[in-house]
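Following: one structure in structure tokens, then a few remarks.
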Amino acid sequence: MVRASVVLVAALLTSVFIAGSAKMMQPKNVMEKEIRLALLDEIQGENIKANLRVLTKEPHQAGTEANERVAKAIEDMYTAAGLQKVHTLTYDVLLSYPDWDQPNTVAIRNPSKGVDIFKSKGVTEPILPDEQGAPHAGHQWLAYSAPGIVEGDVVYAHSGTPTDFARLKEMGIDVTGKIAMMRYGQSFRGNKVAEAQAAGARAAILFSDPAEVAQGNRDDVYPKSIWMPPEGVQRGFIMNGHGDLLTPLYPAKPGAFKSKTAEEAKAEKILPSIPAVPISYTTAYEILSRMSGPTVFSDWQGGINVTYRLGPGLRDGLKTVVDVKSSLQNRHIHNVVGYIPGHDEEDRYVILGNHFDAWVYGSIDPNSGTAILAEVARAMVELTKTTSWKPARSIIFVAWDAEEYGLIGSTEFVEEFVQQLGGRAVAYINMDCFQGNFTLDANAVPSLIDVVIDVAKRIPNHVEEEVQAGRKTLYDTWIRTNPGPNGEPDIKPLVGGTDHVPFLTFAGVPTIDFRMENTTRKSYPLYHSLFETPFVNEHLYDKPDFAMHRSIGRYWAEIARTLADAPLLPFNVTRSAEEMHSNYVVELKKALAALPADPNLDEAEQQIKMLEKASEKFLYRAQHFSTHALLVKDDDRKLRGINERIMMTERCMRFDRSQRTERCFLNPRGSPGASQNRHVLYSISDKDTYAGRVMAALYDAIDDYVANSDKKTSGRAVAEQISIIYHAVHCATNTLKPFL
């Protein structure tokens with residue numbers, strides 16, 4: 001049988017690598033470049049377009065029969081593509097649904113007459129009925145909202161961040177007993193509702209402001225352009241957490257014990273206790289145009305053609321009524337899994353993932369990615385048939401269910417297989433959906449940045465104007481559009497909000513998350529709306545040949561092939577150590593120096609001195625280790641030992657020595673109040689679920705210190721978090737040593 005291709009020799013100059021137990025020799029009749037070009041050529045835009053049409057025939061929220069049909073369609077695609085061991089994994093989880101027969105509404109009421117002078121429909125009407133006309137498709141709702149009818153006065157709370165509510169308090173505007181009206185943006189919608197509830201609000205209203213989603217000429221909106229039309233509404237979930245909330249830290253297998261109740265989740269502020277509803281900017285106008293109270297701060301004014309006011313309340317004694325009908329229901333969800341078994345190391349996995357459940361039709365989020373992933377699977381299997389190529393390590397394709405409800409499918413999978421993933425997963429590569437069509441953007445752990453960049457240099461550019469300007473690859477446009485400080489693209493740490501999170505933060509698997517985007521926006525205006533149907537993909541974001549979708553598939557496939565095939569995988573341990581020493585520790589010192597002098601921070605100051613010294617030793621050891629690895633890279637016996645130590649640097653839950661360094665960075669206790677956030681460097685801030693934050697638990701402790709009157713206790717908490725990172729760095733340094 002044919003073995004895997006050789007990695008480019010140039011990669012050895014900059015990266016530290018790992019290898020498997022078997023030596024992977026490149027056959028003379030198969031060249032690495034020929035394999036790569038054949039793979040890229042095999043991925044076809046027309047197939048992606050056909051897949052997308054199949055996946056977006058009807059609205060398919062997680063837990064519904066429609067979504068089960070989508071899961072079956074994916075299973076059929078994977079089977080037809082030739083993936084092996086195609087199967088589904090089922091979990092029993094708590095989901096949330098509206099009353100499909102009685103839409104949620106917002107009304108403006110004249111209490112003296114007992115009549116509503118305005119009432120929203122609660123349903124967005126289709127613009128393209130052939131694609132958007134399914135029953136109940138237009139319902140406007142937020143998953144996990146509490147049900148209820150609330151009549152009261154509105155307070156405009158801008159973006160609903162802690163800072164926004166603090167400014168209202170400084171203005172003497174009390175949110176207690178009021179309805180908080182907030183714009184999307186700046187933070188996760190669930191955090192907005194939680195902040196409103198904490199401020200005493202009885203209900204929450206969320207809306208997409210045209211300043212963000214309908215910029216420019218208001219007549220130039222969908223379907224003429226990508227801008228949100230007047231009745232468009234963003235849906236989403238507002239639970240604060242990841243995974244099935246009834247089975248934290250354990251997989252929600254059918255029949256498994258539920259260790260938490262919904263009432264307990266409400267008491268712990270995981271589930272909101274107040275009703276919340278999303279509205280269009282047309283409905284928002286009806287409220288904002290009647291608002292009383294002082295005018296807003298200049299940076300709070302939005303794009304609706306009225307003067308925004310803070311409230312509370314509407315003029316002439318009018319009241320606002322929020323009417324939400326929702327229910328919590330246990331439902332089955334189904335992840336779909338398929339394999340290309342590895343020729344040399346079948347039990348080492350490169351995992352590619354995307355979710356398939358949607359709030360409505362989901363042609364962008366998520367099924368642009370689902371359609372692409374199915375084509376990548378087909379193309380890679382076809383390559384094994386038409387050439388002598390076989391991947392050295394196994395490639396696993398997974399379509400996740402219930403991501404839109406809080407990363408549930410991927411979280412339950414990781415919780416079920418955390419030990420196996422820790423011992424076998426090489427990396428996880430996630431692509432949720434595209435967010436634009438011009439340039440690549442990616443987030444990755446530092447040790448995989450070299451791979452992210454190198455692969456981008458191999459993928460042809462799909463933007464004709466860029467090619468004509470001499471920018472022939474994805475990398476060329478990326479580096480020009482988003483340059484970083486070191487002559488590379490600006491690659492940020494991984495953020496929250498999609499399925500790589502449990503792999504990295506709970507299992508410690510090195511991850512990459514990437515997407516296409518535009519130069520001026522990090523998201524797209526039609527996000528989670530009724531109007532995400534194939535028309536958008538085919539006419540507004542891509543060309544008929546689906547060239548942009550094809551570019552995403554090519555990049556995804558080539559990353560997978562690189563990680564699966566390379567005799568020596570390019571994990572750059574030195575880059576990780578440099579980030580710790582020259583970036584993370586430096587920024588932490590600045591954050592502490594900015595605080596007022598306080599003896600209660602003396603222990604924290606002592607710990608940061610220890611961390612700084614430890615990071616210096618880590619960098620020295622990583623550099624020495626890298627040099628040594630290059631010297632012995634051709635000696636299989638010595639290389640095995642080197643590789644074992646490197647993988648321990650890159651992984652938390654591995655069982656052999658090649659995985660022990662990253663193991664050092666997983667804290668089995670998790671972060672305070674977030675036991676699922678176990679990675680001490682890369683976890684999700686509890687202040688904003690969308691935000692990735694390096695050393696999130698530590699910076700959250702600093703935030704708590706600033707806000708807390710008990711400086712002694714909170715100061716010790718800061719010191720403890722620094723000490724946890726110190727011990728992790730010290731452990732990683734020791735792991736890279738050949739002796740104790």
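Computed from a predicted structure; not experimentally measured.
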Is any side-chain heavy atom of [X] closer than 4.5 Å to a side-chain heavy atom of [Y]?
X: T370; Y: N51; value: no
X: I270; Y: Y144; value: no
X: R53; Y: E538; value: yes
X: R550; Y: H462; value: no

Close aromatic pair by centroid cut-off 6.0 Å: [X] and [Y]:
X: W400; Y: F503; value: yes
X: F413; Y: Y91; value: no
X: F188; Y: F237; value: yes
X: W359; Y: Y405; value: yes
X: H549; Y: F434; value: yes

Which atom names give the shortest non-hydrogen contact between P502 and L407, and what distance separates them?
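So the minimum-distance heavy-atom pair works out to CD-CD1, 4.3 Å.
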
Once the angle between the rings of F665 and H679 is folded into 0 to 90°, is it parallel (under 30°), tilted (30 to 60°) or perpendicular (over 60°)?
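Because their plane-to-plane angle is under 30°, the rings of F665 and H679 count as parallel.
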
Measure up the F535 and Y222 rings against each other and bin them: parallel (under 30°), tilted (30 to 60°), perpendicular (over 60°).
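Ring orientation, 0 to 90° scale: perpendicular.
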
Between CG of L448 and CD1 of I512, what distance do you get to the nearest 0.5 Å?
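Nearest 0.5 Å value for the CG-CD1 distance: 4.5 Å.
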
Interatomic spacing from OH in Y527 to OH in Y184 - rounded to 0.5 Å
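Spacing of OH (Y527) from OH (Y184) equals 9.0 Å.
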
Given L474, which of V455, I459, V463, T439 fulfils the side chain to side chain contact (heavy atoms under 4.5 Å, CB included) condition?
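Of the listed residues V455, I459, V463, T439, the side chain to side chain contact (heavy atoms under 4.5 Å, CB included) partner of L474 is I459.
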
